[in-house]
Protein chains: 2
Amino acid sequence: MIAVVGQNESSTKVYIEIVKQLRMIIEKDGLKPGDKIPSERELSERLNAGRSSVREALRALELLGLIETRRGEGTFIRDFRGNQLVQLLSTFILQDQKAVRDVIETKYLVEMDCLRLAVLKRDKNDFQRLKAWVNEHNVEDNDFFIRIADLADNHLIYRIWQILVDYYQATNREEFKTNKEDYLELVEFLEQGDIDRVLIKYRRLRNLSYES
Amino acid sequence: MIAVVGQNESSTKVYIEIVKQLRMIIEKDGLKPGDKIPSERELSERLNAGRSSVREALRALELLGLIETRRGEGTFIRDFRGNQLVQLLSTFILQDQKAVRDVIETKYLVEMDCLRLAVLKRDKNDFQRLKAWVNEHNVEDNDFFIRIADLADNHLIYRIWQILVDYYQATNREEFKTNKEDYLELVEFLEQGDIDRVLIKYRRLRNLSYES
DNA sequence: AAGAAAATGTGGTCTGACCACCTAAAGACG
DNA sequence: CGTCTTTAGGTGGTCAGACCACATTTTCTT
């Protein structure tokens, strides 16, 4: 019983390997969001793999929102957003009440973190611009916090927040009414750098007593 | 030019449909983590789809860590952990220094959030147990904060933290030495419910000046 | 009864074949 | 010449069938 010298690459699944290779191709060719990546058939040849294996890799990346496929056109790189992912994960995860509570709680925590970061990293000018924006627009809660998350200058936590928002909306909660004055006041405190007042105001905005 | 009545199911990709069907099968059969799901060939028949389409769905779920496949045995449900996901995403995301800084910053923020939640939700007894554990073991930083995240009683933020730890370790940073006394002191403040001192102590533990 | 061998079931992978769709080149027509 | 139509080629979407590698179960031998 002679040990067979496996030609398979040390048990690493092909589609995982393809994902890595693909990442290298993207880097080497300097491809950016919106650009087209090689076709499935071409990748299949270049990487010495079956087209089905290439597809498994692409489907996985698609589910993660890293690429986008358009039938008849090709496959394109995409800026990471957890679209399909969240939608599918939510049906797997948001099953009990506890999970829903966790989503809400976490969303609030992250939003408060963003407020803290904004105060730390930004100056009066940034907040005055925000104030002007609030005055000029019909403020939606998400739009407002998108700007807060942006001011936090941390792409990762911004992504996390986006995902939480998606989860949050997947729970189909009733919207609560928003007053422009509340947001203005919040920005006012941000401008003053008074993080304590900011958070107090935030809790009031969310109708939180003391929790979280 | 007569409109063709497509037999394709309203443009929804088959593999996405399979994921949903699979979710229903799991629910209907009451399958739990560790249980085996039907084989690829059986799913292919039951769902009237090609095996390759079934595989695309399974690979996507595998990448998300929702299932685990064992060659020669079958496919099994798994408790959600972002294993492969993180590993792959990290190679896509952790490309520049800014991204790395964001990971670290976010990890710290989440850890502080967990500390806040722990103070809010827990009582002296819980922290005394934690104190005993610290005394009895050679405390690793991650193990300590696993317990903190657990005390925060929020599964979602716990998952987020896990992912952040994975990212963090993917950056290959040098470990910093941990003193048992520091953790004890931290728990002491937790027990007293003094969140301000807790956070100050935490920052010192992480060698943070004021940031975050 | 114990061990060895065969049969069975499962995931892993490749190949080839269609289909539906999009785009661009080639042709037809005014 | 310019515009419209037609055509051809490329691309993703899907399926069917065929192997392989591996693990378990069954059957057969000793």
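Any value given below was found using the heavy atoms of this structure, including those in side chains, with hydrogens, waters and symmetry copies removed. Chain identifiers are assigned alphabetically (A, B, ...) following the order of the sequence lines, protein sequences preceding nucleic acid strands; residue numbering begins at 1 within each chain. Remember, it's a predicted structure, so these values are computed and weren't measured experimentally.
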Exercise for review: Indicate whether OP1 or OP2 belonging to D:dG13 is found under 4.0 Å from a side-chain N or O atom of A:Arg59.
Suggested key: yes
Point to revise | Stretch residues 35-47 of chain A: residues that reach within less than 4.0 Å of DNA chain D through a heavy atom | key: A:Ser39, A:Glu40, A:Arg41
Exercise for review: Starting from C1' on D:dA21, measure out to CZ on B:Arg70 and report it in whole angstrom.
Suggested key: 17 Å
Identify each atom pair where a protein N or O and an N or O of nucleotides 5-8 of chain D are less than 3.5 Å apart, giving names and distance.
none

**Study point:** Contacts of type salt bridge (Lys or Arg N to Asp or Glu O under 4.0 Å), residue B:Lys131, not counting sequence neighbours
**Key:** B:Glu188, B:Glu191
Point to revise | Under the ring-ring contact (aromatic ring centres under 6.0 Å, His included) test, residues paired with A:Phe144 that sit two or more places apart | key: A:Tyr183
Point to revise | Distance test, side-chain N/O of A:Thr75 to OP1/OP2 of D:dG12, below 4.0 Å | key: yes
**Study point:** Contacts of type side chain to side chain contact (heavy atoms under 4.5 Å, CB included), residue A:Asn48, not counting sequence neighbours
**Key:** none
Review point. What residues form a salt bridge (Lys or Arg N to Asp or Glu O under 4.0 Å) with A:Arg204, not counting sequence neighbours?
Key: none
Exercise for review: Sequence neighbours left out, what passes ring-ring contact (aromatic ring centres under 6.0 Å, His included) with B:Phe145? Give chain and number order.
Suggested key: B:Tyr202
Revision key, fill the gap. Sequence neighbours excluded, the answer for salt bridge (Lys or Arg N to Asp or Glu O under 4.0 Å) partners of A:Lys201 is A:Asp182, A:Glu185
Exercise for review: Kindly state which residues belonging to residues 50-58 of chain B come within less than 4.0 angstrom of DNA chain C, counting heavy atoms of the residue only, listed by number.
Suggested key: B:Arg51, B:Arg55
Please tabulate, one pair per line, each protein N/O and nucleotide N/O from nucleotides 24-27 of chain D that are separated by under 3.5 Å, including the distance.
none

Point to revise | For A:Asp143, side chain to side chain contact (heavy atoms under 4.5 Å, CB included) partners two or more places apart | key: A:Trp133, A:Glu140, A:Ile146, A:Arg147
Revision key, fill the gap. Atom CD of B:Glu17 and atom P of D:dC15 are separated, to the nearest Å, by 12 Å
Practice item. Could you tell me which residues satisfy salt bridge (Lys or Arg N to Asp or Glu O under 4.0 Å) with B:Glu17, sequence neighbours excluded, listed by chain and number? Key: none
